[in-house]
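Below is one structure; the comments refer to it alone.
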Amino acid sequence: MFKKHLKKTDKMITGKNYIGNKLSGKGISSHKTINPKLNVENPTTFLEATTEEIEEAVSLATEAFKIYKNTSGKQRATFLNAIADEILALGDTLIEMYCLESGLPEGRAIGERGRTMFQLQSFAELISNEDWRGITIDRAMPDRQPLPKSDIRKTSIPLGPVVVFAASNFPLAFSTAGGDTASALAAGCPVIVKSHAMHSGTGELVASAIIKAAEKTGMPNGVFSNITGRGRTVGVALVKHPKVKAVGFTGSISGGRALFNLGTQRDEPIPVFAEMGSINPVVITPNAITARSEEIASTYAGSITLGTGQFCTNPGLILTVDSDKTQAFVADLAAKTVAIGAQCMLNPGIKSSFVENGNIVSSQEGVTVVGRVEGDIDANFASSQINAVSGTDFLANPKMHTEVFGPFSLVVKSKDEAELIDVINSLEGQLTGTLIAEKSDIQNLEGIVDALQSRVGRVIFNGVPTGVEVTGAMTHGGPYPASSDSRFTSVGIGAIKRWIRPFTYQDWPNELLPEGLKD
Ligand code: NAP
């Protein structure tokens with residue numbers, strides 16, 4: 001499979017930017033992607049977008065917005081469905097490129113492609129009628145005393161050009177045509193993607209599918225651009241550009257925070273919806289450990305190592321009450337995690353952050369490494385690791401809250417439930433909180449549930465936090481730093497709300513009202 005692919009990419013020597021529907025390559029050589037399994041560079045050299053290309057992409061998006069915002073929901077739905085079809089039509093070429101650039105297995109690539117298409121199709125279905133705009137109509141009351149009441153009608157309108165940063169850990173579902181792009185296009189906003197430097201080839205292929213779909217469905221040139229670069233310059237220029245009206249980001253806390261600050265410090269501040277770090281606390285009650293220690297250890301060894309732990313919902317923190325049974329559980333969890341062995345990470349940068357942050361946490365006073373994959377492992381592979389610490393030591397040292405992005409989990413053994421609740425209250429905002437409990441616990445969980453609710457965006461009962469359904473009821477977000485605005489979700493159809501603003505018509509002639517507001 002890879003041999004065939006290498007032949008193809010050998011011919012495509014330079015990776016370019018889509019400035020609207022034009023493939024453009026004015027910039028200097030920026031970077032190559034890396035095959036993390038073999039630890040070698042892939043052949044294509046990507047050209048960083050120039051200032052001129054960035055300007056052109058934003059100008060085209062601004063012009064396209066004038067037309068695109070007035071397209072009907074049905075027209076945009078046709079466009080989104082066509083993107084899904086064109087992505088599928090890329091066939092094995094896309095799957096091979098994905099695997100080559102990410103080190104992730106073919107099954108994951110196919111699954112993620114399906115999820116990406118489903119997201120596009122879900123937004124297409126959502127906008128097939130106007131209900132998603134949250135329309136409110138308050139009719140006139142001309143005879144109201146002492147003053148007549150006007151006819152007031154509220155809808156939602158798109159913000160304007162949106163910049164989307166592709167995420168390293170989901171080359172398809174949170175990248176070029178991922179949830180941020182699908183929701184912004186659905187809302188009526190043109191999108192400029194800042195491609196991720198470590199999967200720019202996958203990004204370019206998906207971008208070609210979006211451009212094809214835009215042309216086939218008659219969308220204005222500039223409705224979508226895909227630009228690449230490495231070293232912050234391109235991202236900073238895009239977020240600072242006065243014609244950009246909102247930003248979507250998934251990645252590190254430092255990156256998300258820097259872009260959020262840039263967005264708010266502009267002359268015209270704009271919303272930067274950043275989904276960043278989370279260690280996803282999992283509370284396991286003593287009764288659950290007594291009843292099914294081995295089952296929980298197996299399930300969690302699988303969840304901690306799933307996708308080499310490179311999920312924002314990875315269970316990085318397990319909260320328990322200390323006892324002999326808890327100690328046996330931790331030893332079993334460590335053994336089962338280590339038995340899964342070393343797995344490939346997405347790229348050398350993620351591997352070095354994993355090692356660096358893992359060392360920060362495991363070198364803190366009181367932390368014990370209970371189990372770790374040892375021996376000779378390949379350059380970009382991760383040594384999965386389970387650690388333990390007492391509740392008292394954890395409460396005394398915030399460095400232990402550091403996100404270790406990868407297969408790494410810290411078990412906190414509190415002396416009692418009150419200390420466990422203190423531990424939850426000490427945490428920063430999180431995407432998820434999980435509760436593993438028995439039926440007999442249910443009447444006594446109020447304190448834990450209350451503490452979790454104040455810290456997280458989604459609670460899970462007797463399950464695992466990994467695996468985020470794309471559905472209307474999903475919340476994928478949480479108090480800072482899980483996300484920059486806990487009022488919104490970045491997964492599920494609710495994600496569209498990030499790209500719109502309320503707009504009211506007062507006493508407006510019926511003929512001039514948009515669809516959905518007319519009598
Ligand atoms: P990243 O460093 O945050 O970079 C993501 C994107 O943001 C890249 O396009 C990068 O541009 C841009 N960027 C970052 N900082 C910027 C800044 N100060 N100014 C302008 N642009 C900036 O994330 P990553 O490379 O994907 O992974 C690094 C670490 O992020 C991981 O080890 C992990 O800890 C964390 N991460 C977390 C999640 C999550 O969901 N919680 C997901 C992925 C990664 P350039 O390429 O130009 O630098």
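When a ligand or atom number is given, it counts from 1 through the structure's own listing order.
- Atom 40 (O) of ligand 1 has its closest protein heavy atom at C312 CB, 2.8 Å.
- Counting heavy atoms under 4.0 Å from ligand 1, residue F249 touches it through the side chain alone.
- With respect to atom 37 (C) of ligand 1, the closest heavy atom belonging to the protein is G251 O, 3.3 Å.
- Cation-pi geometry between R372 and F408 is not met: the NZ or CZ atom fails to fall both under 6.0 Å from the ring centre and inside 45° of the normal.
- Aromatic ring orientation, H31 versus F46: parallel (interplanar angle below 30°, classes split at 30° and 60°).
- Remark: ligand 1 atoms within the under-4.0 Å shell around heavy atoms of V236 are 19 (N), 20 (C).
- With a 4.0 Å heavy-atom cut-off, ligand 1 is reached by the backbone of M276 but not by any atom from C-beta on.
- In this structure, a donor-acceptor pair under 3.5 Å is present between the side chains of N280 and T432.
- For ligand 1, the polar-atom distance check against K194 finds a nitrogen or oxygen pair separated by under 3.5 Å.
- Residues N380 and K37 have side chains not in contact (no heavy-atom distance under 4.5 Å, counting atoms from C-beta outward).
- The two atoms that bring V370 and N387 nearest to each other are CG2-C, 4.0 Å, heavy atoms only.
- Only the side chain of E275 comes within contact range of ligand 1, with a heavy atom under 4.0 Å; no backbone atom does.
- Near E403, meaning under 4.0 Å from one of its heavy atoms, ligand 1 places the atoms 41 (N).
- Near A258, with a cut-off below 4.0 Å to any heavy atom, the atoms of ligand 1 are 18 (N).
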All N/O donor-acceptor pairs, side-chain side in residues 467-481, below 3.5 Å, sequence neighbours left out:
unit_1	atom_1	unit_2	atom_2	d
H476	NE2	E275	OE1	3.0
Y480	OH	R257	NH1	3.2

Step-by-step side chain to side chain donor-acceptor pair (under 3.5 Å) determination, H241 to E55: CA-CA 8 Å; H241 198 293; E55 188 57 45; 3.1 Å; yes
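- For F165 and H196, the ring centers are positioned 6.0 Å apart or more.
- Geometrically, ligand 1 and G231 share a nitrogen or oxygen pair separated by less than 3.5 Å.
- Atoms of ligand 1 found under 4.0 Å from any heavy atom of R230, numbered from 1 in the order shown, are 47 (O).
- Side chain to side chain, N42 and N35 fail the donor-acceptor criterion of an N or O pair below 3.5 Å.
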Starting from the C-alpha separation in whole Å, work towards a yes-or-no answer on side chain to side chain contact (heavy atoms under 4.5 Å, CB included) for I83 and F224. CA-CA 12 Å; I83 297 174; F224 178 81; over 6 Å; no
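- Listed by number with element, the atoms of ligand 1 under 4.0 Å from a non-hydrogen atom of N169 are 42 (C), 43 (C).
- Of all the heavy atoms of S168, the ones lying under 4.0 Å from any atom of ligand 1 are found in both the backbone and the side chain.
- Looking at S252 next to ligand 1, an N or O pair under 3.5 Å apart turns up.
- In summary, the atoms of ligand 1 found under 4.0 Å from a heavy atom of H196, numbered by their order in the structure, are 24 (P), 25 (O), 26 (O).
- In terms of protein heavy-atom proximity, atom 34 (O) of ligand 1 is closest to F405 CB, 3.3 Å.
- With ligand atoms numbered from 1 in the order given, ligand 1 contributes 32 (O) to contacts under 4.0 Å with heavy atoms of S353.
- Under 4.0 angstrom from ligand 1, the non-hydrogen atoms of L259 all belong to its side chain.
- The closest side-chain heavy-atom distance from V464 to T434 is not below 4.5 Å.
- At the top of the distance list for atom 17 (C) of ligand 1, counting protein heavy atoms only, stands R232 CD, 3.3 Å.
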Run the side-chain donor-acceptor check on residues 305-316: report pairs under 3.5 Å with partners two or more places apart or on a different chain.
unit_1	atom_1	unit_2	atom_2	d
T305	OG1	A301	O	2.7
T305	OG1	G302	O	3.3
T308	OG1	C344	O	2.8
Q310	OE1	L346	N	2.8
Q310	NE2	G307	O	3.0
N314	ND2	S303	O	3.4
N314	ND2	I304	O	3.0

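- Close approach to G255 involves these atoms of ligand 1, each under 4.0 Å from a residue heavy atom: 14 (C), 15 (N).
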